[in-house]
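To keep things clear, I will list the structure first and then write my remarks on it.
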Amino acid sequence: MTQSGQMETTTIGGGEGATGMAAQMEVEAFRRLFPLPFYDRHLSKSVRPDARTLDSARETTISLGPVASADGSALVKIGETTMLAAIKLEVMTPSTESPDEGSIAVEFYMPPICSPMVRPGRPAEVAPVISQQLSDVIMSSRMVNLKELCLISGKASWIAYLDVYCLNADGSLFDAALLSAVAAFTHLQIPLVSVNEEGRVFTVSGEQQEKTKLELVNKEKRKLSIGNTPFPVTCVIHKEHILVDPTAEEEAVMETSITIVLDTLGNLVSIYKPGGVGLASTATIKECISRTKRRMQDLKIILEEAVSVMEVD
Amino acid sequence: MGKMEEDRIDGRNANQLRPLACSRNLLHRAHGSARWSQGNTIVLAAVYGPKSGTKKGENPEKASFEVIWKPKTGQIGKQERECEIILKRTLQSICLLNVHPNTTTSIIVQVVGDDGSLLPCAINASCAALVDAGIPMKNLAVAISCGLMEKGSVILDLTKSEEEKLKAFAYLVFPNSPLTVIPKVPLSKEQPIEQGIITSVTHGAMPVSGYFDCLDRGVAACAAISEFLRRSLQKQSPEDTSRAAQ
């Protein structure tokens, strides 16, 4: 039996979970008709249908600045899952309770391009969940210091509109979304701003900067200082196996997923396990946390490489 | 032991829960209903079903669940959708899905009062409502909220003001502790947690050890809540006729 699901007509002799009629069958048909026995067979040999081991994630790439019109943007691919994040800054008056803080508005979209299950009249069930999770994690990890988004205390501050678009949904959606949000904030360049006579704040492009008085932002376009960066890892629990970075098929077949977000200091930003058939014992959670720590090191390197490539340009 | 812990606003100590109240069979048209209150957080849950047929995209070989969350005020937004999904997945894991395949059971959750720990209260209420409706289940789900104070101590059953003040808190759902008929053998420390958590939702960053502290305290508290749940579910008279037949 080939282990990488190719389209050869390899037959499987009498699988355990299959009924009598499945004595001789093609791999693809077996995969569709009996997904759980198909995966059980692979897991007993500690591999997955795409030839990964149980604790290896798919290839991750980050590219910064694909959207030129946005103030910060990033495109992240984890395997086939693709997320595009873009940030636009606008000036607004801050609230009275926190006059020297800006704010961040997070929106997550799953347009019909991303998956055959999503249609214009039938929005994806997970979209508002991931949207809520994203804004929760971005706020609780304190990755962005809201005081840096302030311009004039009490009068003007930035609001960052972060939009994340899912372009291809193939599992681990929250991972890719959070990673793209983090990368977009790393890429963000705050535009120059000055005040006119009526006290209104407006953005200034590069050529006009000699004429106006720039009392607020420093002369150079500023970057935000990113505090503890959160890094997420989604695992799927099936009996006693833990699979890191599931594809959409694995998530659907083994319905229990757990998402752990750690930041660079080692704090637990979020453990999200929304029900599911399998229970997570303490040992399982500890195992998932150690897998997250290892993946976090890889993700940090990938992010730093993407930033250095950007700065060379 | 707890001398250096900060006082809570309502005078409870760290391990103390708010007064629990559970009443069943309140709504006459619903097949099952329950009202669960923890202090001022009150949730009313109603169960209709099983009805025949499943929605598109759901597995027809299993029973499926549909949750509708109605907030006390305001429009339904992302927060409500997230609670619906969490509730649906939690209840799917405790119910026997193979008994009535190709059916849909609807659970409607109405928030009557919100003073913190809303999601755990809703899960407890839905569980009691499912029992009232007679939906076949493996075990019950018991939910608790745990908060982590600055010094690292854990407090249980948070009010809204505590949730807003605290840096980090978690909602945890455990399966209820089994009732053994054999004489009690002393359980080792690890045994209760070996069952594992069904659901965990955390807000705010906390150290990893803090999360495991919350788990330990949560398991102990859930044993108390599941005792209460079992007592209040047994109180109902046995001549209750099934509402689904009417």
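Per chain, numbering begins at 1; letters A, B, ... match sequence-line order. From a predicted model like this one, the values you see are computed outputs, not experimental measurements.
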Item to check | More than 12 heavy atoms from other groups under 6.0 Å of CE on M139(A) | outcome: yes
Checklist entry - With a cut-off of 6.0 Å (strictly less than), are more than 12 heavy atoms of other residues, nucleotides or ligands near CD of E61(B)? => result no
Item to check | For chain A, the option from A205(B), S200(B), S93(B), C83(B) that forms the most heavy-atom pairs under 4.5 Å | outcome: S200(B)
Checklist entry - Is there a donor-acceptor pair closer than 3.5 Å between any side-chain N or O of T202(B) and the backbone N or O of I271(A)? => result yes
Checklist entry - Just by distance, do the side chain of D263(A) and the backbone of L265(A) share a donor-acceptor pair under 3.5 Å? => result yes
Item to check | Q79(B) portion near chain A, given a 4.5 angstrom heavy-atom threshold | outcome: both
Checklist entry - Quick one: what part of V173(B) sits under 4.5 Å from any heavy atom of chain A, side chain, backbone, both or neither? => result neither
Checklist entry - Is the gap between the ring centers of F34(A) and F38(A) under 6.0 Å? => result no
Next on the checklist: If I measure from the heavy atoms of chain B, does I289(A) come under 4.5 Å with its side chain, its backbone, both, or neither?
Outcome noted: side chain
Next on the checklist: Is V126(A) in contact with chain B via its backbone, its side chain, both, or neither, using a 4.5 Å heavy-atom distance?
Outcome noted: side chain
